[in-house]
Amino acid sequence: MKFFIRVYGCQMNVYDAEKIQTLLLCNGHECVNSEDDADIVIFYTCNVREKAKSKLLSDIGRINNRKDKIIAIGGCIAQAEGNALFDHDDSIKIVFGPQTYHEIISFINRACNGERVLCLEFLQSKKFNFLPMHSSVKKSEYVTIQEGCNNFCTYCVVPYTRGREYSRPVREVLTEIQKLVDKGAVEIVLVGQNVNSYNGDTDDGKKLNIGQLIELVANIKGIKRLRYLTSNPYDFNRDLMFLHKELQPLLPPFIHIPIQSGSDRILKRMNRGHTRSEYIEMIEEFRDICTNINFSSDFIVGFPGESEEDFLDTLDIVEKIRYSSFFAFKYSRRKNTPAYSMTDQVLDEVKDNRLARLINALSKHQLKFNESCVGTVQKVLFEKCGKQKSQYIGKTQYMQSVIVKSDKNLIGNFVDVRIERGFQNSLFGSIV
Ligand code: SAH
Ligand code: SF4
Ligand code: F3S
């Protein structure tokens, strides 16, 4: 059968969707480029903000001849909405949670026999034993090392959709990375909801943390860049900070550490488990140890009870930390999370206003940082062609997009690039 997968969400969903694609290909199904050409359409969707669901339903509504197709919904939204998703469209035949996707072939077979399949079990550790290695390996590959979350921030669905924290055993992670590198990957991104709380078993019964795992991965020949995503502010220790200094350029001097809000009162209501000054201290310690390090962050504006004063604390932390890139969101009210029933919800127009002001403040620092790179030489991993002829686009160690011209195909190569111009979202340079 012909299949098409559309994926929305974080690095976890991207990793899962790649594994699903491999499972289908290994079982003789054919991957096509659009919903309309497919017999099976799989939506693998996030649930962290409300608009994911309306987007999913409108996407399904736009598929031609969908009565003749098998539509499957997987990922965090399936776990959260379950059975109720079947009510939205008769063509939805399969709803499967993120811990069950290794059984996709059997789900499809059952759906072909006319069954509506619902599977929301939590088989976290088992799942990884069933996942084949994909045959066409990209230059940059994700490897899940940790899944789930025990933190229960009051706005967040992830602990409910992905379950409790689980770390994959060290050997399993190293074997997967070695296979990817043998097949040509040069950048490995260790992914999880809270990667820096990694606590994986070794064969001799010890536990390794993220820094210890990184040291082992760094020994694998052929890896040129190693990143990890997403980190929480709780589990950074000095050893990990020193690794960022010692393992450059393999381990880039750049980390995504979400703060969400700069107000202690809101951080407490969010159940973030740290104060703004603890976060600032951690960033300062990082900068003392690794002087060229830069940070990005996630922000939420308009969390219930957020006053103008709280919001000004968020703007203040932006000025203190000077993030080099960012993601900023309006608070989205999620059913079954504690913040859903907080009575002091913020008006949407206030959220809009704060989001615009926050993005404005963050953008200024991003632009300044990009401009400050002009004249420097950056190691760039090239990933794709640009819009114009002979243009290639790659990423610096700070995850900035860089565009260069070259007669030689640069895709998959690390190249030294002198930065000539810096804009809001991209840099232009020439090969050294
Ligand atoms: N584990 C990571 C983030 C996981 S979710 C951490 O703790 O930092 C990714 C991002 O989505 C979060 O950092 C947060 O900024 C955003 N997010 C989560 N729930 C949200 C909600 N209900 N409304 C708006 N943004 C939300
Ligand atoms: Fe969600 Fe908080 Fe866990 Fe991150 S740490 S996944 S924001 S509950
Ligand atoms: Fe979204 Fe699930 Fe990731 S809710 S953020 S896809 S873990």
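Atoms within a ligand are numbered from 1 in the order they appear, just like the ligands themselves.
- Residues with a heavy atom under 4.0 Å from ligand 1: Val48, Arg49, Tyr155, Gln193, Asn194, Thr230, Pro258, Gln260, Arg272, Asp298, Ile300, Phe329, Lys330, Tyr331, Ser332, Arg334.
- Listed by chain and number, Cys10 SG are the protein N/O/S atoms closer than 2.8 Å to atom 3 (Fe) of ligand 3, with waters left out.
- Atom CD1 in Ile104 sits 4.0 Å away from atom CZ in Phe96 (nearest 0.5 Å).
- Atom CD of Gln260 and atom CG of Asn232 lie 10.5 Å apart (nearest 0.5 Å).
- Residues Val301 and Lys351 share a closest heavy-atom pair of CG2-O, 3.8 Å.
- No close placement of the Phe414 and Phe382 rings is indicated, their centers lying 6.0 Å or farther apart.
- Listed by first and then second residue, the salt bridge (Lys or Arg N to Asp or Glu O under 4.0 Å) pairs involving residues 231-260 are Arg238-Glu285 (not counting sequence neighbours).
- Of the inter-residue distances, the one linking Lys206 atom NZ with Gln212 atom CD reads 9.5 Å to the nearest 0.5 angstrom.
- Side-chain rings of His256 and Phe327 approach one another, their centers coming within less than 6.0 Å.
- To the nearest 0.5 Å, the span separating CG on Asn219 from CD on Glu215 amounts to 8.0 Å.
- Taking CG of Leu85 as the reference point, atom CG of Leu118 lies at 9.0 Å (rounded to 0.5 Å).
- Ring centroid separation for the pair Tyr160 and Phe152 comes in under the 6.0 Å cut-off.
- Around ligand 2, the residues contributing at least one heavy atom under 4.0 Å from the ligand are Cys149, Asn151, Phe152, Cys153, Tyr155, Cys156, Val158, Pro159, Gln193, Asn194, Arg272.
- In this structure, the ring of Phe303 has its center less than 6.0 angstrom from the ring center of Tyr331.
- Side-chain contact of Ser363 with Asn360: a donor-acceptor pair under 3.5 Å is absent, judged by distance alone.
- The aromatic ring centroids of His244 and Phe295 lie 6.0 Å or more from each other.
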